[in-house]
Amino acid sequence: MAEAPAPHAGPNRIRIAVRASGVTAGETYLRSGRLRDIVPTEFPFVTGVDAAGVVDEIGDGVTGVSLGDEVFGVSATFGGTNADHAVLEAWAPKPAEWSWAEAGGASGNVETSTRVLDRLGTRPGQTVLIHGAAGGVGTVAIQLAVARGATVIGTASAHNHDFLRSLGATPTTYGPGLVDRVRELAPAGVDGVFDCAGGALPDLITIAGDAARVVTIADFEAAAHGVHMSHGAPAGEVDQGGEGGEGGEGGEGGATIGAADPPALHGLAIAAELAGQGRLRIPVAATFPLEAAAEAHTLVETRHARGKIVLLN
Ligand SMILES: NC(=O)c1ccc[n+]([C@@H]2O[C@H](COP(=O)([O-])OP(=O)(O)OC[C@H]3O[C@@H](n4cnc5c(N)ncnc54)[C@H](OP(=O)(O)O)[C@@H]3O)[C@@H](O)[C@H]2O)c1
């Protein structure tokens, strides 16, 4: 914990008094320096991409929101929400159906899931495999894919299978034999694979039948397998063409990742609407007070949290 100057809302942005903010694997990668070649950081750097809170500053050009409104959204700077105040680039009204913890942990996983499902072209009648489905991203991705009318198969440890069913997915375990297990569940094949876990691309490509039908957010070896790695970007580094295979930047261990996909910020309003209809909840694995952020990072690093880890102010 440290003191830092309060941020202020610039044009087209708002500032919130943060009530809750998310902690993800991404925060631990930033903290450790693992992403130093991909996400440039200047110190002091405040982690945190998603948050919910009460609007307390409104930048020039912003309409449709008032001081005192309760919102959830994503930060403007690829960080900054694990704090007392945060500047948001995109937001939506906090659904009454969500607690502050749910709202604070929602937006990053909603944006990521929407970005990947858009890229996969997930639509009614399709079957989608979500690999690593019990985590923060996977639990949201399941529900958004179901809301699109898709049939969802999700991988998780056996003790999480009832949990996946409760979200609308047919569960199976990951690890050896995955290809056969998925074939049994989807004899006609799957239309898209959303990899939230990494480490299984050869099997996932076999399941999809084509590397182009696999999108990963977690496997830095994606380019070597001809698979698209979807990731967000610091401002100005978005590949507007959306095809991110070439011109990779240095990643971990010399691996490369392509340019970023445009952020799927339209997902926030869709999520708020689904929440209002009772069709999207944000499973919260654990909450910690902001002062205990280090404990939250330790839990994220186990890679077995069920849903999202959230800091409460
Ligand atoms: N590129 C992007 O835009 C972007 C955005 C967000 C996140 N990410 C990355 O995506 C990954 C997932 O993020 P998250 O927040 O969902 O993580 P998370 O909440 O920490 O994910 C935990 C889940 O991963 C599952 N898991 C652990 N090892 C696995 C394995 N070998 N195979 C399959 N599943 C496994 C666990 O399942 P069980 O407990 O059931 O075993 C657990 O439910 C992270 O690597 C993160 O850095 C990337």
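Count residues from 1 along the sequence. In each ligand, atom 1 is the first atom listed, and ligand 1 is the first ligand listed.
A side-chain N or O of H131 and one of T155 form a donor-acceptor pair less than 3.5 Å apart.
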For ligand 1, list all ligand N or O to protein N or O distances below 3.5 Å, rounded to 0.1 Å.
unit_1	atom_1	unit_2	atom_2	d
ligand 1	1 (N)	I217	O	3.3
ligand 1	1 (N)	S230	O	2.8
ligand 1	3 (O)	R115	NH1	3.1
ligand 1	3 (O)	R115	NH2	3.0
ligand 1	16 (O)	G136	N	3.1
ligand 1	16 (O)	V137	N	2.9
ligand 1	19 (O)	G136	N	2.8
ligand 1	39 (O)	N160	ND2	3.4
ligand 1	39 (O)	H304	ND1	2.8
ligand 1	40 (O)	S157	N	2.8
ligand 1	40 (O)	S157	OG	3.4
ligand 1	40 (O)	N160	ND2	2.8
ligand 1	41 (O)	S157	OG	2.5
ligand 1	41 (O)	Y174	OH	2.4
ligand 1	41 (O)	H304	ND1	3.0
ligand 1	43 (O)	G135	N	3.2
ligand 1	43 (O)	A305	O	3.4
ligand 1	45 (O)	Y29	OH	3.4

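Tested against K308, the residues T287, T24, D50 include a single side chain to side chain donor-acceptor pair (under 3.5 Å) partner, D50.
Contact check on D118 versus R148 returns a salt bridge, with a Lys/Arg side-chain nitrogen under 4.0 Å from an Asp/Glu carboxylate oxygen. Contact check on E27 versus R31 returns no salt bridge, with no Lys/Arg side-chain nitrogen under 4.0 Å from an Asp/Glu carboxylate oxygen.
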Let me have the donor-acceptor pairs involving side chains of residues 170-178, under 3.5 Å, with sequence neighbours excluded, atom names and distances please.
unit_1	atom_1	unit_2	atom_2	d
T172	OG1	R181	NE	3.4
T173	OG1	R181	NE	3.3
Y174	OH	S157	OG	3.4

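Remark: E184 CD is loosely packed, at most 12 non-hydrogen atoms of other residues, nucleotides or ligands lying under 6.0 Å away.
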